[in-house]
Amino acid sequence: METSLHIYNTLTRKKEEFKPLNDPFVGLYVCGPTVYSNVHLGNCRTFISFDLVNRYLRYLGYKVRYVRNITDAGHLENDSDEGEDKISKKARVEQLEPMQIVQTYTIDFHDKMRDFNTLAPDIEPTATGHIVEQIDIIKTILDNGLAYESNGSIYFDVKKYAETDNYGELSGRNIDELFSGTRDLDGQDEKRNATDFALWKKASPSHIMRWNSPWGIGFPGWHLECSVMSTKYLGEQFDIHGGGMDLKFPHHECEIAQNKAANGKHAVQYWMHANMLTFEGKKMSKSLDNSILPDELFTGNHKLLNKGYDPMVVRFFMLQAHYASTLDFSNEALEAAEKGFQRLMAGMSIVDALPVSESSDIETSAFRQKIEAAMNDDFNSPMVISHLFEVVKNINSIAEGRMKISDSEKEALSVFLKQIVFDVLGLKMAQESSNNDFMDGLMNIILDVRTRARANKDWGTSDAIRDQLAAMNIVVKDSKDGASWQVQ
RNA sequence: GGUCUCGUGGCCGAGCGGCUAGGCACUGGUCUGCAAAACCAGCUACAGCGGUUCGAAUCCGCUCGAGACCUCCA
């Protein structure tokens, strides 16, 4: 049983005990989105995964500085040298100012992150806000002889770097194979080797996002911003760097190389990679045209969906899988998650009203120990949830008088569950489908009529009301204490 | 083609050398005018074939199958 936090480090491919560089402070950097379109569900999974990490670190008492960037420049469309900047292209196509694109999708991103109840990062820097710093680091790398200028652009010299350092240490790539596999450069290329990547790109006359630099008008390379902003806000060395699995190569590999080329240090102590959300076994991505937008999922307005799901149901669904495993998305899986989530929340909502006894059959401290052990084991949220359902089972047993709980244990359980479910897992009660007094008033009248019909054994009226409401997706639930309703 | 990961009951998904994870579905029960809801109980799976071991879903080998990265992606 793990009594201290262990993290799977994708650099060493081992689970390692977490020891912050500067306890109790923890530096956490996560690669944020490129804001050229709406965030899709797969993106959200990564950020929810690292939200769990952030929340648990705070639960453990660490003083976390969470930095997550917004990529608003420099991210090229295709090959890291050929294509157009994604934001620039969108701006050109839609005839908008690039910063309009950035603003629109940054707002969308923030809205969705709020829907999913993720904690905002402490610092959210943008690439365009750090052009000066990016130019500075390029100068340093040039001075260190690990980059070269070519026709107004600056490229990182991977081959030179690989003479003293291990390019490929994170992704497990063999540098020689990398060179031999991509040898055939056409004569036009500005780069010395195909593996070299851009630190600064010369802007063509049509390129709208452009800045002045010692090498002429241009824009920064994509990989640079993360090196620069993590160093600026977390220092040359910091604790955890996270991102999606698909950023491992080349993005994170390049980041490592840039940092080492600039200051000789491997910045990151623990590399963490969140795995992909798949649909029918395939990675959800825009290019495969199988991605789903959060709003489509919330409303159910998508050809692949039978109905809409509350953001908390989606979050719960994601937390039922380990962050480092792929998670397959389907209607069935979501419906299962919805039922499970409701069961968990129902259990939580009756804790405070539980009858108490002198003695107690359950011990909150035992649950706490198991649940913390699960989280300590590389943030094993599925295991945590499994333990929580054990707790729910006990809560229900107490409610039905088959088990006992003491007053002090009840208090402890109530506090603990809120900590784990709300603060660490970041769940909250799902929004009532209809949370307004007008609707409640109407429904009370209707259910009151039905209750009176039932009292008179007028089953025809009673069932007609129930059936008609069901046709409107309103489910009537009868219990000993009267009828309640829910929009399905 | 290269690098790597994974194949768990009807579905999703933990576990990763010995103690039947969990959720959903399903079946039975309690409750109920009936149904639904809720609750309780049942449901003993680890791709195939070899090997290591007292013992393997878990380690090793092979076979089959799937996926990711190598080009933009979280």
Side-chain angles (χ1 to χ4, degrees), chain A residues 13 30-34 36-37 39-50 71 75-84 86 168 171-174 177-178 180-182 195 222 242-251 253 273-278 281-288 291 316-317 319-322 324-344 346-347 350 374 377 380-390 392-393 396-397 399-400 402 454 457-459 462-463 466-467 470 475-480 483-486 488:
Chain A
R13 290 154 224 267
V30 174
C31 289
T34 302
Y36 70 105
S37 64
V39 265
H40 73 252
L41 208 56
N43 296 292
C44 294
R45 186 188 178 200
T46 297
F47 302 123
I48 289 171
S49 294
F50 287 105
T71 298
H75 199 157
L76 297 179
E77 259 256 290
N78 286 306
D79 191 279
S80 58
D81 333 299
E82 304 290 313
E84 199 174 351
K86 287 186 174 205
S171 57
R173 245 153 264 267
N174 180 316
E177 282 167 5
L178 223 44
S180 63
T182 51
T195 45
W222 172 42
M245 204 74 104
D246 48 359
L247 295 184
K248 230 173 162 180
F249 189 90
H251 185 59
E253 202 70 73
H273 288 92
N275 217 135
M276 302 292 105
L277 185 64
T278 61
K282 288 220 165 48
K283 176 179 169 179
M284 193 175 277
S285 75
K286 284 172 194 158
S287 47
L288 287 173
S291 65
F316 180 77
F317 164 70
L319 291 173
Q320 274 188 303
H322 187 83
S325 303
T326 56
L327 169 61
D328 202 49
F329 176 93
S330 68
N331 277 294
E332 262 185 313
L334 272 173
E335 276 168 33
E338 182 171 55
K339 294 266 178 62
F341 176 71
Q342 284 166 356
R343 188 170 139 84
L344 176 62
I350 62 169
D377 186 13
N380 195 331
S381 55
M383 189 61 103
V384 170
I385 289 171
S386 152
H387 291 316
L388 285 173
F389 277 111
E390 203 182 318
V392 167
K393 191 168 274 198
N396 289 331
S397 293
E400 299 202 342
R402 280 176 285 103
R454 294 181 71 211
K457 298 199 189 304
D458 179 2
W459 310 127
S462 148
D463 291 353
R466 186 173 69 196
D467 293 346
V475 176
V476 177
K477 301 175 181 177
D478 291 319
S479 76
K480 290 187 199 100
S484 61
W485 60 279
Q486 191 179 23
Q488 211 57 344

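Residue numbering restarts at 1 for every chain, and letters A, B, ... go by the order of the sequence lines. Since the structure is predicted, the reported quantities are computational estimates derived from the model, not experimental observations. Both backbone and side-chain heavy atoms feed into the values below; hydrogens, waters and symmetry mates do not.
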Ranking B:C72, B:C11, B:C39 by distance to the side chain of A:Glu400, first place goes to B:C39

field: Worked check of side chain to side chain contact (heavy atoms under 4.5 Å, CB included) between A:Asn275 and A:Arg45
entry: CA-CA 8 Å; A:Asn275 217 135; A:Arg45 186 188 178 200; 4.2 Å; yes

Winner on side-chain proximity to A:Met383, out of B:A14, B:C72, B:C40, is B:A14

**Asked** Reckon A:Arg173 has a side-chain N or O less than 4.0 Å from the OP1 or OP2 of B:C69?
**Response** no

**Request:** In whole angstrom, give me the gap between the C1' atoms of B:U8 and B:C16.
**Result:** 12 Å

Exercise for the section: Just call it for A:His387: base, sugar-phosphate, or nothing, with non-hydrogen atoms closer than 4.0 Å on any strand. Expected result: nothing

Roughly how far apart, to the nearest Å, are B:A35 and B:C26 at atom P?
16 Å

inquiry  = For a quick test of reading the model: is some side-chain N or O of A:Arg402 closer than 4.0 Å to OP1 or OP2 of B:C39?
reply    = no

Considering only atom P, compute the distance from B:U44 to B:G9 and round it to an integer number of Å. 14 Å

Side-chain contact check for A:Phe389: nearest option of B:A74, B:A14, B:G22 is B:G22

Taken to the nearest whole Å, CG/A:Leu319 to P/B:A14 is 12 Å

Of the candidates B:G33, B:C12, B:A35, the side chain of A:Trp459 sits closest to B:G33

Atom C1', compared across B:G15 and B:A41: separation rounded to whole Å:
25 Å

Whole-Å distance, A:Leu334 CG to B:C12 P, equals 12 Å

Taking any heavy-atom pair under 4.0 Å as a contact, classify A:Leu277: base, sugar-phosphate, or nothing. base

Taking B:C70, B:G23, B:A36 as options, the one with an atom nearest any side-chain atom of A:Gln320 is B:G23

Between CZ of A:Arg466 and C1' of B:U32 the distance, given in whole Å, is 10 Å

Kindly indicate, with the supporting measurements, whether the criterion side chain to side chain contact (heavy atoms under 4.5 Å, CB included) is fulfilled by A:Thr71 and A:Lys86. CA-CA 10 Å; A:Thr71 298; A:Lys86 287 186 174 205; over 6 Å; no

Inset, instruction - For A:Arg343 and A:Asn396, run side chain to side chain contact (heavy atoms under 4.5 Å, CB included): C-alpha distance rounded to whole Å, both residues' side-chain angles, the deciding distance at 0.1 Å, then the answer. - result: CA-CA 10 Å; A:Arg343 188 170 139 84; A:Asn396 289 331; 4.3 Å; yes

**Atom P, compared across B:A14 and B:A21: separation rounded to whole Å** = 14 Å

Separation between OG1 (A:Thr326) and NZ (A:Lys283), nearest 0.5 Å, reads 12.0 Å

Below 4.0 Å: OP1/OP2 of B:A25 and any side-chain N or O of A:Lys339:
yes

Worksheet item: Reckon A:Thr326 touches a base, only the sugar-phosphate, or nothing at all at heavy-atom distances under 4.0 Å?
Response: sugar-phosphate

With the side chain defined as heavy atoms from C-beta on, A:Ala321 is closest, among B:A21, B:G13, B:A74, to B:G13

Any side-chain N or O of A:Asn380 below 4.0 angstrom from OP1/OP2 of B:A14? no

Any N or O donor-acceptor pair under 3.5 Å from the base of B:G33 to the side chain of A:Ser462? yes

**Prompt:** For A:Gly42, which contact category applies under a 4.0 Å heavy-atom criterion: base, sugar-phosphate, or nothing?
**Reply:** base

Taking B:U32, B:G2, B:G15 as options, the one with an atom nearest any side-chain atom of A:Arg454 is B:U32

dist A:Leu327:CG -> A:Thr278:OG1 (nearest 0.5 Å) comes out at 6.5 Å

| Does any donor-acceptor pair link the side chain of A:Asp478 with the base of B:A35 at a separation under 3.5 Å? | yes

A:Lys393 NZ to B:A21 P, in whole Å, measures 13 Å

Here the pair of heavy atoms bringing A:Gly347 nearest to A:Val392 is CA-CG1, 4.4 Å

Per the atom types in the model, does the base of B:G33 pair as donor or acceptor with the side chain of A:Asp463 at under 3.5 Å? yes

Quick note, A:Lys86 side chain, CB onward, closest among B:A36, B:C72, B:C40 is B:C72

Separation of B:G29 atom P from A:Asn396 atom CG, nearest Å, is 21 Å

**Item:** Nearest-angstrom distance, P atom, B:G17 to B:C69
**Value:** 29 Å

Rounded to whole Å, CG of A:Asp246 lies from C1' of B:U3 at a distance of 16 Å

Whole-Å distance, A:Glu253 CD to B:U3 C1', equals 12 Å

Review point. Parallel, tilted or perpendicular for A:Phe316 and A:Phe341, by the 30°/60° rule?
Key: tilted

Say you pick atom C1' in B:C46 and the same atom in B:G10; how far apart are they, in whole Å?
15 Å

In whole angstroms, the gap separating C1' of B:A25 from CD of A:Gln342 amounts to 15 Å

Taken to the nearest 0.5 Å, the spacing of A:Met276 CE from A:Met284 CE works out to 11.5 Å

Is the phosphate of B:C11 approached by A:Ser330 (side-chain N or O, under 4.0 Å from OP1 or OP2)?
no

Regarding the side chain of A:Phe317, the nearest nucleotide among B:A74, B:C12, B:C24 is B:C12

Comparing A:Pro382 with A:Arg343, nearest RNA chain B nucleotide closer to 5' gives the residue A:Pro382

Side-chain donor/acceptor of A:Ser462 to backbone N/O of A:Asp458, under 3.5 Å: no

By nearest-nucleotide position on RNA chain B, the 5'-leaning member of A:Ser171 and A:Ser285 is A:Ser171

Next item on the list: Please check the phosphate of B:A74 (OP1 and OP2 only) for any side-chain N or O of A:Lys248 closer than 4.0 Å.
Entry: no

Over all strands shown, is A:Ala333 touching base, sugar-phosphate only, or nothing at heavy-atom distances under 4.0 angstrom? sugar-phosphate

Side-chain contact check for A:Met276: nearest option of B:U32, B:C70, B:A74 is B:A74

Worksheet entry | B:C12 to B:A25 separation - C1' atoms, rounded to the nearest Å | 11 Å

What one should report as the nearest heavy-atom pair of A:Ala321 and A:Pro382 is C-CG, 3.5 Å

_Is A:Lys283 close enough to B:A68 that one of its side-chain N or O atoms is under 4.0 Å from OP1 or OP2 there?_
no

Taken to the nearest 0.5 Å, the spacing of A:Ile48 CD1 from A:Asn43 CG works out to 10.5 Å

With both pairing distances under 3.5 angstrom for Watson-Crick or G-U wobble, and | for a partner in another strand, the correct string for RNA chain B is (((((((..(((.....[...))).(((((.......)))))....(((((..]....))))))))))))....

